Amino acid sequence: MNKNLIVLAYANASPFPYHAWTPLAILSVGSYLEKHGMEVEYFDARIHKIERFKELVRRKPLMIGLSTMTCFQIKNTLTLAKLVRKMDSSMPLVWGGTHPSMMAGQTLESDLVDFVVKGEGEQTLLELVQAMQQGRDEYSDIAGLGWKSKGRNILNPDRDFLDIEDLPFPYDGKGKDILLEYVRRSGDTLENIGYESSRGCPHKCGFCYNVFFHKNVCRVKSIEKVRTELLKLKALGVNKMTFYDDTFLAGRKDAMEEILPLLKEIDFKWIANVRINTFTPELLKKFEESGCVYIFFGVESPDDEVLKYIKKGQNRRLIDEGIKVISQGNIPTLYSLMIGLPGETDEMMNRTLDFADEIRRRHPGAEVPIQPYVPLPGTLLYAEALKLGFKPPTHLEGWKNFTNDEVENPWIKNPRLLHAIYINSFMAFRYDRFLKNFWSKIIFGPLHALSMWRWKNRNYKFFVEIYLYLIYKRTGGFFIMLEKLIKG
Ligand code: B12
């Protein structure tokens, strides 16, 4: 066995090809291990061939770490875990990430899981590695760890938050190879290089993992650290990047004086998820000047009653003011809306759809995807969903189809209608960005026209697009080729 080697793997996280974003989940953990003298190898299913993964398993590392969110990614992570078990049944499998953190007990019940790391993984994994290197088989002193002993599953107490100021730059060490591969592949459309300038969000949105995962604590990196790290990114050839922060600027009082001028000085193009009520005309101006090329907001609903129910911490008036400000600028913007929440009536849903039209009227060209609500574990509304008869999957494998386009909540009379609206809004408002050249217009043009017709007439009868969508979702590879062809 190669006791100093740790393999960290990231399975495909999305059925959609343009969703290949750098896997900071494993790079953060891996760079921390490297800093402490371990040898780390990564497998990122979006850029590596499965042969690489098999080769890494054959090298007999101390363990294999797997990262996963809830939903789609679980399916692919399970495939990796099964492959390891087949090749080497004694290889320890350590699961981390948002899903194992939120469902630690249930995840640990799976035969494909030996350890679970709950919450931030850097220090917990390091301590586990050190314990295993010493040949220990008792781990009760490692905070944040779930482990198995003599047929019993044990969940240790949670770990305190790390000081993110002490974390190494995730693209140092082997992470650099991953980054360079993303840079190489994406040419001048680098919309998938991730960077964290903070962790956590103080807001209590009922559908979000933050309340439990980050306990609503928002930690920000110092401006000096951000400067050093962004300069490193720039030196590695990155010109455009996305802030993976839970809510960009949420914990930063100094945005106008520090981080935005810094972004301007470094001359980055950047993308971020922001709260709509943060915006003033001055802030918008600073965003534009500092290179922001895309912003997205979770607006969720036009109804104060719903916004209150989901604890969004903003109301219709603030949303309207935000749209007024942002629509004056020229930053491409996405406003996300949510349907299918508990207690939603047909009238409420129709108001949300009409609001999408209103947003596009007031902010021409804005993307307004409409997402059916998914009760994700470890969120405030999850408990509410259980009360309303939602039956969560009883085992890890059961979560794999738990997605916006397949979810069936007990309070929804016609889930197919919600799926159709989701796919329709996606095709109508998001796909128009692909209608840029002759071939894309030939291929996607008619589909887009049909989507716009459906949207206008709210007509979801004979929704054949679902089949195209499912082919698209299940045969991502073919469409990656097609999109590349179209985008040139
Ligand atoms: C980038 C991103 C994506 C990317 C994918 C990630 C990628 N790299 O390719 C894309 C855009 C594809 C994506 C998609 C989705 N996403 Co997303 N995404 C994010 C985002 C913004 C950043 C992820 C990240 O890298 N964070 C930084 C790293 C360092 O944090 P981390 O992942 O938590 O990792 C730490 C720990 O979890 C742990 N850890 C993680 N992995 C491992 C592995 C091991 C072995 C160990 C020991 C520890 C460990 O240690 C890490 C360091 O402390 C997060 C929000 C956030 N700020 O995290 C949402 C988030 C992860 N996404 C979320 C969701 C819900 C989705 C979607 C389902 C949304 C949707 N409606 O479609 C889809 C899933 C795809 C699908 N359609 O099925 C939720 C997940 C909740 C959950 N229960 O899993 C989050 C938390 C957003 C939220 N506020 O709710 N997403």
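It should be emphasised that the depicted structure is a prediction, and the values quoted were computed from it without experimental measurement. Both ligands and their constituent atoms are indexed starting at 1 by order of listing.
- For Y244, a nitrogen or oxygen atom sits less than 3.5 Å from a nitrogen or oxygen atom of ligand 1, counting backbone and side chain alike.
- At a 4.0 Å cut-off, at least one heavy atom of F213 sits close enough to ligand 1 to count as contact.
- Side-chain contact of D246 with Y209: a donor-acceptor pair under 3.5 Å is present, judged by distance alone.
- In R46, the part holding a heavy atom less than 4.0 Å from any atom of ligand 1 is the side chain.
- For ligand 1, the atoms sitting less than 4.0 Å from at least one non-hydrogen atom of E196 are 27 (C), 29 (C), numbered in the order shown with element in parentheses.
- Each of D44, T22, N192 was scored for a side chain to side chain donor-acceptor pair (under 3.5 Å) with Y182, with one residue passing: D44.
- Residue contacts with ligand 1 include P23, since one or more of its heavy atoms lies under 4.0 Å from the ligand.
- Which parts of ligand 1 touch V117 is read off a 4.0 Å heavy-atom cut-off, strictly below it: atoms 47 (C).
- Not a single heavy atom of Q73 lies less than 4.0 angstrom from ligand 1.
- Side chain to side chain, S198 and D245 meet the donor-acceptor criterion of an N or O pair below 3.5 Å.
- For N414, the CG atom sits in a packed shell: over 12 heavy atoms of surrounding residues, nucleotides or ligands are nearer than 6.0 Å.
- The residue M102 has no part lying near ligand 1, judged by heavy-atom distances below 4.0 Å.
- In the model, Y460 has a side-chain atom that pairs as donor or acceptor with a side-chain atom of N424 under 3.5 Å.
- Here is the list of ligand 1 atoms found below 4.0 Å of a heavy atom in Y209: 56 (C), 57 (N), 58 (O), 86 (C), 88 (C), 89 (N), 90 (O).
- Residue E122 places at least one N or O, backbone or side chain, under 3.5 Å from an N or O of ligand 1.
- Atom CG of D163 has more than 12 heavy atoms from other residues, nucleotides or ligands within 6.0 Å.
- Using modelled atom types, one finds no donor on one side chain facing an acceptor on the other under 3.5 Å when comparing E344 with Y309.
- Annotation for K311: atom NZ does not count as buried by contact number, only 12 or fewer foreign heavy atoms lying within 6.0 Å.
- Within 6.0 Å of atom CG in D166, more than 12 heavy atoms from other residues, nucleotides or ligands are found, so the atom counts as buried in its surroundings.
- Proximity of C208 to ligand 1 is established by a heavy-atom distance of less than 4.0 Å.
- Counting heavy atoms closer than 4.0 Å to ligand 1, residue A25 contributes atoms from both its backbone and its side chain.
- Near G65, with a cut-off below 4.0 Å to any heavy atom, the atoms of ligand 1 are 45 (C).
- In terms of N/O distances under 3.5 Å, ligand 1 is not approached by T68.
- Proximity to L376 (heavy-atom distance under 4.0 Å) selects the following atoms of ligand 1: 65 (C).
- For ligand 1, the atoms lying closer than 4.0 Å to a non-hydrogen atom of V94 are 45 (C).
- Counted within 6.0 Å of NZ on K308, heavy atoms from surrounding residues, nucleotides or ligands total 12 or fewer; the atom is thus considered open.
- Shown in contact with S28 at under 4.0 Å from a heavy atom are these atoms of ligand 1, numbered in order with element: 29 (C).
- Relative orientation of the F243 and Y195 rings is perpendicular, given thresholds of 30° and 60° on the angle between their planes.
- Residue contacts with ligand 1 for S67 involve both N, CA, C or O and side-chain atoms from C-beta outward (heavy atoms, distance under 4.0 Å).
- Q134 and Q130 form no side-chain donor-acceptor contact under 3.5 Å, judged by distance and modelled atom types alone.
- Between T70, L24, I164, it is T70 that holds the heavy atom closest to atom 83 (N) of ligand 1.
- With a heavy-atom cut-off of 4.0 Å, N404 touches ligand 1 through its side chain alone.
- Looking at Y10 against ligand 1, only its side chain comes within 4.0 Å, counting heavy atoms.
- Checking only distances, E120 never comes within under 3.5 Å of ligand 1, N or O to N or O.
- Proximity to R199 (heavy-atom distance under 4.0 Å) selects the following atoms of ligand 1: 29 (C), 52 (C), 53 (O).
- We find the CD-CD distance between E41 and E34 to be 8.5 Å, quoted to the nearest 0.5 Å.
- Polar contact check, G121 against ligand 1: a nitrogen or oxygen pair lies under 3.5 Å apart.
- The structure places CG of L418 at 12.0 Å from CE of M338, a figure rounded to the nearest 0.5 Å.
- The distance criterion of under 3.5 Å between nitrogen or oxygen atoms is not met by D245 with respect to ligand 1.
- A donor-acceptor contact under 3.5 angstrom links the side chains of E165 and S222, judged on distance only.
- Shown are L230, V226, V220; of these, the side-chain contact (heavy atoms from CB on, under 4.5 Å) with S197 is made only by V226.
- Counting heavy atoms under 4.0 Å from ligand 1, residue D246 touches it through both backbone and side chain.
- No more than 12 heavy atoms of other residues, nucleotides or ligands lie within 6.0 Å of NZ in K204, so this atom counts as exposed by the packing criterion.
- Annotation: K75, atom NZ; neighbour count of heavy atoms from other residues, nucleotides and ligands within 6.0 Å is above 12.
- Residue-to-ligand polar distances place T22 within reach of ligand 1: an N/O pair is separated by less than 3.5 Å.
- Look at C205 and you'll find every heavy atom at least 4.0 Å from all atoms of ligand 1.
- Residue V29 places a heavy atom less than 4.0 Å from ligand 1.
- Contacts with ligand 1 closer than 4.0 Å are made by no heavy atom of N210, backbone or side chain.
- Every N/O-N/O distance between S14 and ligand 1 stays at or above 3.5 Å.
- Across the listed options H99, M63, M338, M69, M69 owns the non-hydrogen atom lying nearest to atom 66 (C) of ligand 1.
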